[in-house]
There are 2 protein chains.
Amino acid sequence: MSKADRTREFIIEKTAPIFNVKGYAGTSISDLTEATGLTKGSIYGNFENKDEVALAAFDCNYKKISSYLKAEMDKHSSYKEKLLVHASFYENFFKAPFPDGGCPILNTAIEADDTHPQLRERASEAISSWKNKIMELIKKGIDNKEFRPDVPLEQTAISLIALIEGGIMVAKLTGKLNYRKLIMQSVEKAINDLT
Amino acid sequence: MSKADRTREFIIEKTAPIFNVKGYAGTSISDLTEATGLTKGSIYGNFENKDEVALAAFDCNYKKISSYLKAEMDKHSSYKEKLLVHASFYENFFKAPFPDGGCPILNTAIEADDTHPQLRERASEAISSWKNKIMELIKKGIDNKEFRPDVPLEQTAISLIALIEGGIMVAKLTGKLNYRKLIMQSVEKAINDLT
DNA sequence: TATAAAAAATACCAATCGGTATATTTTTGC
DNA sequence: GCAAAAATATACCGATTGGTATTTTTTATA
């Protein structure tokens, strides 16, 4: 790993939470130099422009949550338990190892959908692959006789994602622990209803 | 209505959709002068600063959706039908009279929750009063024997909001009509399950 | 319709924006 | 350990940012 590669990683690691908290438009190059202790010349020596840092930052934040999900799912053997990881996923969303600022998919989707096609595409692909993963789990759960055979695959998957993401918004906005708890119970109920 | 009041209304009306599309940080004063055809002096003659325009813009956008919801609910007599307005609310969200840029509560929540306490408070209050409204409808529906007496009030209300808001994000991000349809069916199902 | 008051336009401000050319320092391979 | 190359820092750029002081125009009233 060359010096440049290490610096690049360092910059991404330090600035990813900033983009997630302040957004693309709200994050300035001087935010990046402050967070890294590097100078503008160094940032621009390793990245073509602000866009490239922002895209790399999204990938970094996204990887944190998707690899957490995958690792937690791998701990369980039943498909119901794998799906139920989404409840603990949601419950723990505001603690480490999750990035500061909430869900990067949600944050990026809201800011970029009308303003930044590249970031929008990243978020859109994230939703799509998340949906496919859930559908796959349900399908395998049906084959395994864990779930009812008539569970609507796509509807269940996309609605579960909507419930979780909307729940993250509500919980983070209001700061009410009770809201988080209640929505988490709804996530659990939605999954239990598949059996 | 004085000239100043009319100009103030004019500025709010013209700039509210811009704030909803570009966000607070992404909207500049020159965006406001372009949209209104007025000059900077005129904007600052009617508003103290950018914050004050943004807050008025949020109120304007929020009023559009809340008055739509209220008007539609008033058309129905049963509490179930009143609740089901949320499905058509969601279905029609990307057409007039809804403001450009998606749900202003969601947009403001995501951008402002870590960065702008005043806007955050506005969004938080909007969620809170929406939740109370839904709880009130369910309660009356229970008293009216439309709904089961054991429906969990707060959980149902806050989870319905989460599902709708998450659904708006997913539908707007991906542009997939099918996702919108599927999530809308989940909203309907959640309400039908109360009976 | 003349006039005072209010509103809008003009012209300006320092600070910051994203970005670059160049100089200096630090790695790297021999 | 020495050069060449790569990486970082410095110094700078024009454009734009949010905001203000002042002048001109428009509105309301007597």
Verify, without hydrogens or angle tests, whether A/Lys64 (side chain) and A/Pro97 (backbone) share a donor-acceptor contact under 3.5 angstrom.
-> no
Whole Å only: how far is the CD1 atom of A/Ile43 from the P atom of D/dT10?
-> 14 Å
For atom CG of A/Asn46 and atom P of C/dG19, their distance in whole Å | 15 Å
Side-chain donor-acceptor contact under 3.5 Å, B/Tyr24 with B/Asp51 | yes
In whole Å, what is the span from the CG atom of A/Asp5 to the P atom of D/dA7?
-> 8 Å
Can you run down the salt bridge (charged side-chain N to carboxylate O under 4.0 Å, His left out) pairs that involve residues 150-162 of chain A, sequence neighbours left out, and say none if there aren't any?
-> A/Lys131-A/Glu154, A/Arg148-A/Asp150
Taking five pairs at each terminus, the helix from C/dT1-D/dA30 to C/dC30-D/dG1 shows an axis bend, to 10°, of 30°
How far apart are the closest heavy atoms of A/Ala112 and A/Leu119, and which atoms are they?
-> CB-CB, 3.7 Å
So salt bridge (charged side-chain N to carboxylate O under 4.0 Å, His left out) across residues 31-49 of chain B, not counting sequence neighbours, yields B/Lys22-B/Asp31
Per-nucleotide protein contact along nucleotides 23-30 of chain D, 5' to 3', at a 4.0 Å heavy-atom cut-off (B base, S sugar-phosphate only, - neither), is ----SS--
Is any side-chain heavy atom of B/Val151 less than 4.5 Å from a side-chain heavy atom of B/Lys139?
-> no
Which residues satisfy the salt bridge (Lys or Arg N to Asp or Glu O under 4.0 Å) test with B/Asp100, sequence neighbours excluded?
-> none
Are side-chain heavy atoms of A/Ile127 and A/Ile158 found at a separation under 4.5 Å?
-> yes
For nucleotides 9-18 of chain C, read 5' to 3', which letter fits each nucleotide if B means a protein heavy atom sits under 4.0 Å from the base, S means only the sugar-phosphate is that close, and - means neither?
-> BB------SB
Test of ring centre spacing under 6.0 Å for B/Tyr68 and B/Phe98 = yes
So is B/Lys172 actually on top of B/Tyr179's ring, under 6.0 Å and inside 45° of the axis?
-> no
